[in-house]
Structure formats: structure tokens, C-alpha cells
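Chain letters run A, B, ... following the sequence lines, proteins first and then strands; every chain starts at 1.
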Number of protein chains: 2
Amino acid sequence: MRLVAQNSSLRPASDSVERILAAAEDLFAEHGYDAVSISDIATRADVCKSNVFHHFTSKDELYLAVLNDARQAFFELIDDLHDSAGTLPERLEKFAGSHLQRLIELGKISRLVLRDLLENSPERSKQLAEKVFDNNFSLLVDTLRTSQQRGEIRADINPAMAAVVLISADVFFFQASNVLRHFPDIDFADDGARYSKMLVDILLYGILPRVPIAAN
Amino acid sequence: MRLVAQNSSLRPASDSVERILAAAEDLFAEHGYDAVSISDIATRADVCKSNVFHHFTSKDELYLAVLNDARQAFFELIDDLHDSAGTLPERLEKFAGSHLQRLIELGKISRLVLRDLLENSPERSKQLAEKVFDNNFSLLVDTLRTSQQRGEIRADINPAMAAVVLISADVFFFQASNVLRHFPDIDFADDGARYSKMLVDILLYGILPRVPIAAN
DNA sequence: AATAATACTGACCGATCGGTCGGTCAGCGG
DNA sequence: CCGCTGACCGACCGATCGGTCAGTATTATT
């Protein structure tokens with residue numbers, strides 16, 4: 001939609017659109033859709049309000065554009081998870097760590113998506129959030145299923161369930177770490193790497209003592 | 001603050017306040033603070049707008065009152081988790097199931113709290129949400145720690161981490177089940193009981209084949 | 001240089017926001 | 001019967017909302 005840096009002297013143009021999108025992303029993620037006005041966005045983007053409407057037909061369209069950018073940002077960063085080699089524990093730990101780190105890096109966007117998740121309108125954004133999650137999730141499930149077929153994972157495990165356990169723990173860490181920090185029992189609220197390590201340890205081996213279990 | 005059913009003929013009074021609170025809870029939980037106007041609340045509560053301000057000095061105060069009611073509702077329902085007896089797996093499964101069921105039953109309130117969680121204002125409600133979580137969480141951690149001291153749980157497990165894994169999976173199921181439903185790999189998005197069962201199974205035994213692990 | 005298109009602005013619109021105000025009315029103590 | 005109090009309402013307030021529009025600056029094409 002926008003040509004940027006097409007040429008040196010040609011089209012230095014204006015980066016208003018990007019500034020508007022960036023401002024909108026910041027504000028929407030931090031305060032939510034309804035708490036942010038077009039004026040707020042325009043002010044932060046250093047343009048006038050009507051200019052926002054010159055580039056986006058409505059507040060809703062602007063919001064969807066932000067969400068779409070978010071989706072793309074998530075999508076572009078998944079690649080390196082695919083080629084990972086090594087043992088299953090190694091791969092899982094790498095995935096868990098990268099996934100959590102990504103959630104935190106893309107904090108604004110993550111918050112945006114999670115916010116959208118709480119709007120339980122079946123269409124509005126659920127379908128859109130689905131596209132965000134689909135990549136990460138399907139990839140992880142495939143990996144687990146393959147490992148299972150190789151016998152590296154118990155046959156009676158539901159691979160999708162294992163994936164959900166891993167991802168949910170990452171998501172929860174992201175959204176609740178500010179609360180977790182206040183619990184005296186918790187000393188890992190600021191250490192994502194350690195969190196991922198402990199998470200994968202539990203996911204792989206469980207919390208019971210490591211002794212043979214009655215045949216199952 | 002409010003006297004209810006003080007006497008039969010005396011003070012049948014008015015239940016406006018409760019209707020207002022109920023309406024506010026519904027609307028705030030469903031749409032968020034900023035998307036709900038006092039007019040909306042008044043209309044649903046079948047009172048006029050100024051009556052809302054007669055009972056609550058501001059929209060903010062009304063919101064906090066709703067949040068406080070939510071906190072209380074959560075608190076009152078934890079009791080039965082405490083007395084649970086049985087083996088560790090039994091107790092964990094009961095806890096996970098009850099906890100998830102509770103999240104869903106108190107759906108409106110849960111959503112309210114989760115919404116608040118995404119506002120990363122360190123004070124505003126984080127401290128308040130802390131009071132909501134504290135009960136469930138500390139209880140679960142204590143239970144796990146006790147079991148650990150009895151040798152029923154691996155010594156190198158962080159009890160708080162195990163608790164987080166369990167709770168985060170429940171929370172994630174609650175807030176994301178509408179999305180999970182669309183994944184072809186997932187067939188448990190509508191079956192909380194089965195979800196809890198699989199969750200505890202993984203938490204207890206891990207996903208690796210149940211054979212002795214190299215000493216660690 | 002003239003033209004056409006686009007980027008951009010300030011003034012403005014009706015609607016609605018959170019909140020106030022003046023006042024009515026029922027119940028209760030004296 | 002009077003006076004008071006609290007519940008309640010309709011009308012209203014300034015501010016701000018999302019959005020429009022006429023007009024100006026800037027740039028690309030000819």
C-alpha cells in the first residue's frame with residue numbers, strides 16, 4: 001500500500017502513515033480500543049486528526065490495520081523455529097524459550113492480541129487471532145506428533161494437549177508476570193529463560209519421582 | 001453499606017443498587033470499562049442515569065465496586081478445595097477440574113479480572129488482582145510443597161512452578177477455548193473435564209515414555 | 001509554467017460522554 | 001401535621017467523541 005524509500009531523492013515523501021500506525025499500535029495495545037481516541041493517536045503521530053481519516057477511512061479500519069501488522073510481525077519471526085534440530089528435549093526447550101522471548105519482545109502486539117481474545121465476538125477478531133496462532137501451534141503439534149511416531153513420546157499423549165500446556169504456560173507468564181512477582185513463593189517472575197527450562201522439565205518428565213511406573 | 005431484607009414489611013426498599021451492580025458487572029466484563037457508558041448501565045438496570053450517580057460517586061467507583069464484588073465471589077468458593085483428601089493425583093485432578101469449572105462458572109468475573117490484568121498499571125488493579133489469585137495459588141503451592149516433603153514429588157521441582165503450569169493451563173483454556181475450537185488438531189475445546197484429566201496426566205508423568213530416566 | 005493529484009490542515013458537525021442540578025416523592029420521627 | 005432524609009428523575013452542562021469538508025501545501029507529470 002505504501003512505497004517506502006523507493007529512491008534517494010525520489011519519494012522521501014511522508015512517513016505519516018507509519019507514524020500513525022506506530023502510534024495506534026502503542027496506544028491500542030496499552031489502553032485498548034475504546035480508551036484511545038483518534039485525537040490521541042494523531043497527537044502522538046504528530047499529525048492532525050483529519051489526516052488520520054485521510055489515510056484510514058475509520059477508526060475501525062485503523063484498528064484492523066494495526067492488528068494485521070501485528071499478525072504479520074508474528075508470522076515473520078517463526079521461521080527459525082522450524083529448522084531446529086537436536087533431541088526432543090533440546091528442541092522443546094528452544095521452542096519454549098524462543099516463544100516466550102518473542103511474546104515479550106512483541107509485548108505491545110501480544111497484549112493487543114490477548115485483548116482481542118477477551119472480546120468474545122465469534123467473528124470480529126477470533127478468526128483473525130486464529131491466523132496469528134495457527135502457525136506457531138500447528139508447527140509445534142506436528143513436531144510433537146512426529147516425535148510420538150518415533151516413539152519419543154508416550155503413545156497415549158495427545159500432542160495438541162502437550163502443545164497447549166507449553167504455550168499456555170508461556171502466555172500466562174507474559175500476561176501475569178506482574179502479578180506473579182508479588183507472590184513470596186515465586187522467584188522466577190523476572191527470569192524467562194529459567195521459567196522455560198523448568199517448564200520443559202515438567203512437561204517432559206512430570207513432577208512425580210522418576211521411577212518406573214506400573215506398566216500402562 | 002447496604003441493608004438487605006432487614007425485615008419483612010420494613011424496608012422492602014429498593015434493589016436498585018444491586019441491579020446497577022449486576023448490570024455493570026455484565027457490561028464491564030463483556031465489553032470493558034471504556035466501551036460501557038453509564039447510560040448503558042442505567043438502561044439495563046432499569047433506572048435513570050442520575051440514579052447511578054446517586055449511589056456511586058463516579059464511574060470509577062462503580063467499577064471498583066464491581067471488581068470488589070468479583071474478588072469476594074472468587075474468595076467464597078475456594079473452601080471446598082482445602083479439605084480434599086486422597087492421593088496426590090486425585091487431589092490435583094480435583095483441584096484442576098474445580099478450578100477450571102470455577103473459571104467458567106464465574107465467566108463474567110474471570111473475564112473482568114483478565115481484562116484488568118492486561119492493564120499494566122502497577123498499582124491500579126494489580127494489587128487487587130493479587131488478592132484474587134493469592135488464595136487459590138498459595139493453597140495449591142502449600143499442598144504441593146507438603147507432598148514434596150513426603151517424597152511424593154521430585155525434590156528438584158519448584159512447587160510454585162508446578163502450580164503455575166497447572167493454573168496457566170486452566171486460564172488459557174478459559175480465555176482461548178473459542179480460538180482453540182477452530183484448530184483441527186484440537187477436539188477437547190468443549191470438554192473441560194477431559195482437558196483437566198489430560199493436563200494432570202502430563203503434569204504428573206510428563207510426556208516422555210514412562211521408563212527410568214538417566215539419573216539426574 | 002501549468003495541471004492534476006495527492007498530503008495535509010483547521011474549522012466544524014451531531015452525538016454521546018461523565019457528571020451536575022433542581023426538584024419530586026415516599027417514609028419516618030417528632 | 002411538619003420537617004427531614006434518601007431514593008429517584010428529567011433536564012442540562014462542558015468536553016470530547018468519530019467523522020466531514022472546504023481549502024491549502026506539496027509534489028509529479030506534462
Counting only non-hydrogen atoms, which of residues 37-47 of chain B are less than 4.0 Å from DNA chain C? Ser37(B), Ile38(B), Ser39(B)
Counting only N and O atoms by type, is there a donor-acceptor contact under 3.5 Å from the side chain of His182(B) to the main-chain atoms of Asn178(B)? yes
Can you find a side chain N or O atom of His54(A) that sits less than 4.0 Å from OP1 or OP2 on dC8(C)? no
Can you check whether His55(A) has a side-chain N or O nearer than 4.0 Å to OP1 or OP2 of dT6(C)? no
Is a donor from one side chain sitting under 3.5 angstrom from an acceptor on the other, for Asp60(A) and Tyr33(A)? yes
Out of dG18(C), dG18(D), dG10(C), which nucleotide sits closest to the side chain of Cys48(A)? dG10(C)
Would you sort out whether Asp40(B) and Ser37(B) count as a side chain to side chain donor-acceptor pair (under 3.5 Å), showing the intermediate values? CA-CA 5 Å; Asp40(B) 295 338; Ser37(B) 73; 3.2 Å; yes
Applying salt bridge (Lys or Arg N to Asp or Glu O under 4.0 Å), name anything that partners Arg115(A), two or more places apart in sequence or on another chain. Glu119(B)
Quick check: closest heavy atoms across Ile109(A) and Glu25(A), and the distance to 0.1 Å? CG1-OE2, 3.8 Å
Please state how far atom CD1 in Ile20(B) lies from atom C1' in dC9(D), giving the value in whole angstrom units. 13 Å
Does Asn51(B) have a side-chain nitrogen or oxygen under 4.0 Å from the phosphate oxygens OP1 or OP2 of dA7(D)? no
To the nearest 0.5 Å, tell me how far His55(B) NE2 sits from Leu62(B) CG. 11.0 Å
With heavy atoms under 4.0 Å as the rule, sort Val52(A) into base, sugar-phosphate or nothing. nothing
Atom pairs, protein N/O to nucleotides 20-26 of chain D N/O, distance under 3.5 Å:
none

Could you report the tightest heavy-atom contact between Leu166(B) and Leu199(B), atom names first, then the distance? O-CD2, 3.8 Å
Salt bridge between Asp187(A) and Arg194(A), side-chain N to carboxylate O under 4.0 Å? yes
In whole angstrom, give the distance that lies between atom CG of Asp34(A) and atom P of dT16(D). 18 Å
Hey, are Glu30(A) and Arg111(A) close enough for a salt bridge, meaning a charged N less than 4.0 Å from a carboxylate O? no
Distance in angstrom units between Tyr63(B) OH and dG19(C) P, rounded: 15 Å
